[in-house]
Amino acid sequence: MQYVSTRGHAATPSFSEILLGGLAPDGGLYLPAEYPQVSRAELDQWRSLSYADLAYEVLRKFATDIPDADLKALTHKTYRADVYCNVRAGENAADITPLRVLEQQDGKKLVLQGLSNGPTLAFKDMAMQLLGNLFEYALARNQAQLNILGATSGDTGSAAEYAMRGKQGIRVFMLSPHKKMSAFQTAQMFSLQDPNIFNIAVEGVFDDCQDIVKAVSNDLGYKAAQKIGTVNSINWARVVAQVVYYFRGYLSATTASDEQVSFTVPSGNFGNICAGHIARMMGLPIAKLVVATNENDVLDEFFRTGIYRVRKSAETYHTSSPSMDISKASNFERFVYDLLGRDSARVKALFHQVDTAGGFDLSGAAGSDGNEFESVIRYGFASGKSTHADRLETIRFAERQYGITVDTHTADGIKVAREHLQPGVTMIVLETALPAKFNETIREALGRDAERPAGFENIEALPQRFEVMAADAARIKQFVAAHTGL
Ligand SMILES: *Cc1c(COP(=O)(O)O)cnc(C)c1O
């Protein structure tokens with residue numbers, strides 16, 4: 001299997017060659033040269049597999065340059081009941097992504113797929129845990145090392161740290177805005193005592209952290225000398241790890257492979273639902289892929305109108321589902337590449353226009369950049385959005401009707417999913433975080449605290465390990481260099 005850049009760069013690297021990287025050299029994103037196909041017969045054979053074996057079957061179609069035995073060992077090391085153990089009462093951790101029927105009426109069925117039972121209680125663990133093991137494996141093969149530099153306002157940073165802690169050849173330097181994360185998120189990250197994890201609390205806001213990471217990335221000499229890498233959501237291996245749970249969800253919700261299901265996905269950077277698109281392109285019988293956004297509705301707007309309009313910072317809202325607060329969707333280019341019939345010259349021109357003019361218009365209206373919006377429906381996409389008031393209402397509704405507490409992002413998903421139910425097609429909502437992570441809003445909705453999984457009761461009281469530093473790229477570069485010893 002070879003990979004191509006959405007912007008047409010001539011090189012066609014292998015899975016291992018793009019594993020540790022981010023963007024293609026021309027600024028595009030990597031996709032497989034063609035999507036591997038899964039037949040109905042093969043799907044039926046996969047029905048009884050464990051999650052780890054299913055992950056192996058899906059991944060081996062993409063990671064063709066990793067020996068089968070090694071890949072199987074990696075998926076079994078990653079997808080274990082003792083890692084994804086934070087399940088609700090009555091759920092089985094061995095399922096890794098357990099399904100729960102929420103409602104069933106008049107042939108319409110709504111099901112929740114739990115993706116947030118890993119160490120940081122959010123779905124990013126599903127991919128990041130595999131990435132940690134893949135990175136360690138690849139680095140050991142080449143006797144190399146990697147120093148991950150990242151900026152986080154919460155979920156990504158903690159998922160990365162829990163995936164990379166204790167890994168040979170890897171260090172993590174994670175910048176976060178000093179005193180701006182929730183007490184729970186701060187405790188999750190700062191209580192890690194592993195010597196390869198460095199928490200840097202920057203005196204500034206999240207954008208300052210991100211600017212420092214950009215400044216370091218633009219210093220190519222330093223980046224090469226210090227072996228700096230990232231783990232952001234455009235990483236191809238993260239996307240492909242997410243493809244697996246769409247197969248698992250489908251197989252667990254159906255009894256035969258002539259049935260169709262739909263998925264609703266709380267979306268921000270379009271990484272999660274992009275994996276659903278890839279599963280569908282591989283032949284998984286998905287009727288609809290429903291994008292759920294919050295007030296930051298850049299994706300909902302595109303899927304309603306065909307207009308992609310990046311938001312300015314002043315139009316980007318801080319909401320109670322903060323992991324979906326985006327101004328542009330960094331994985332969206334992957335879908336647009338398929339939508340435009342894989343015409344990389346047009347993709348390159350349109351995303352250049354995103355940088356220079358703030359967006360593009362595929363609505364087909366006079367003066368627009370194309371009419372591909374009319375084909376969106378063939379790819380199964382639909383969308384919807386929710387507000388803070390909707391989230392409060394849905395959290396209360398879920399407690400009353402389903403007897404469970406859901407987090408704010410999952411509430412966005414449930415609200416939008418219920419608007420897209422169809423008779424005869426099971427709708428699966430992806431649960432992207434557990435409520436304990438967003439307790440402030442649970443309190444507001446329910447007047448009580450969210451339940452915490454065992455082991456998280458006193459997390460804020462654990463000793464914390466972090467450095468407070470000024471928002472000064474030069475100082476932070478020195479700090480990193482002093483700890484890599486390179
Ligand atoms: C990251 C995240 C999302 C958004 O996922 P994308 O892949 O960026 O679309 C949604 N919910 C939670 C809880 C997240 O952490």
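For this chain, numbers begin at 1 and follow the sequence in order. No hydrogens, no waters, no symmetry mates; every other heavy atom, side chains included, goes into these values. As the structure lists them, so they are numbered: ligands from 1, and atoms in each ligand from 1.
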State the atoms of ligand 1, each with its element, that fall below the 4.0 Å cut-off from a heavy-atom position in [X].
X    : result
K124 : 1 (C), 2 (C), 3 (C), 14 (C), 15 (O)
M324 : 10 (C)
G271 : 6 (P), 7 (O), 9 (O)
S323 : 2 (C), 3 (C), 4 (C), 12 (C), 14 (C), 15 (O)

Does the separation of the ring centres of F438 and F184 fall below 6.0 angstrom? no

Residues E333, R7: salt bridge by 4.0 Å N-O rule:
yes

Has ligand 1 got any nitrogen or oxygen that is less than 3.5 angstrom from a nitrogen or oxygen of [X]?
X    : answer
H409 : no
N272 : yes
A433 : no
T432 : yes

Enumerate donor-acceptor pairs with a distance under 3.5 Å from any side-chain N or O in residues 20-27 to protein atoms, sequence neighbours excluded.
unit_1: D26; atom_1: OD1; unit_2: S5; atom_2: OG; d: 2.8
unit_1: D26; atom_1: OD1; unit_2: G28; atom_2: N; d: 3.1
unit_1: D26; atom_1: OD2; unit_2: S5; atom_2: OG; d: 3.0
unit_1: D26; atom_1: OD2; unit_2: H9; atom_2: N; d: 2.9

query: Of the options D325, T387, D390, D300, which is the one that meets N294 in a side-chain hydrogen bond (donor to acceptor under 3.5 Å, both in side chains)?
result: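 Testing each of D325, T387, D390, D300 against N294, the sole residue satisfying side-chain hydrogen bond (donor to acceptor under 3.5 Å, both in side chains) is D325.
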
The residue among R100, H409, R88 that forms side-chain hydrogen bond (donor to acceptor under 3.5 Å, both in side chains) with E431 is R88

May I ask you to decide if the ring planes of F335 and F303 are parallel, tilted or perpendicular, using 30° and 60° as cut-offs?
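Because their plane-to-plane angle lies in the 30° to 60° range, the rings of F335 and F303 count as tilted.
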
Going by the 4.0 angstrom heavy-atom rule, the piece of F123 near ligand 1 is side chain

Could you tell me if any non-hydrogen atom of S233 lies under 4.0 Å from any atom of ligand 1?
no

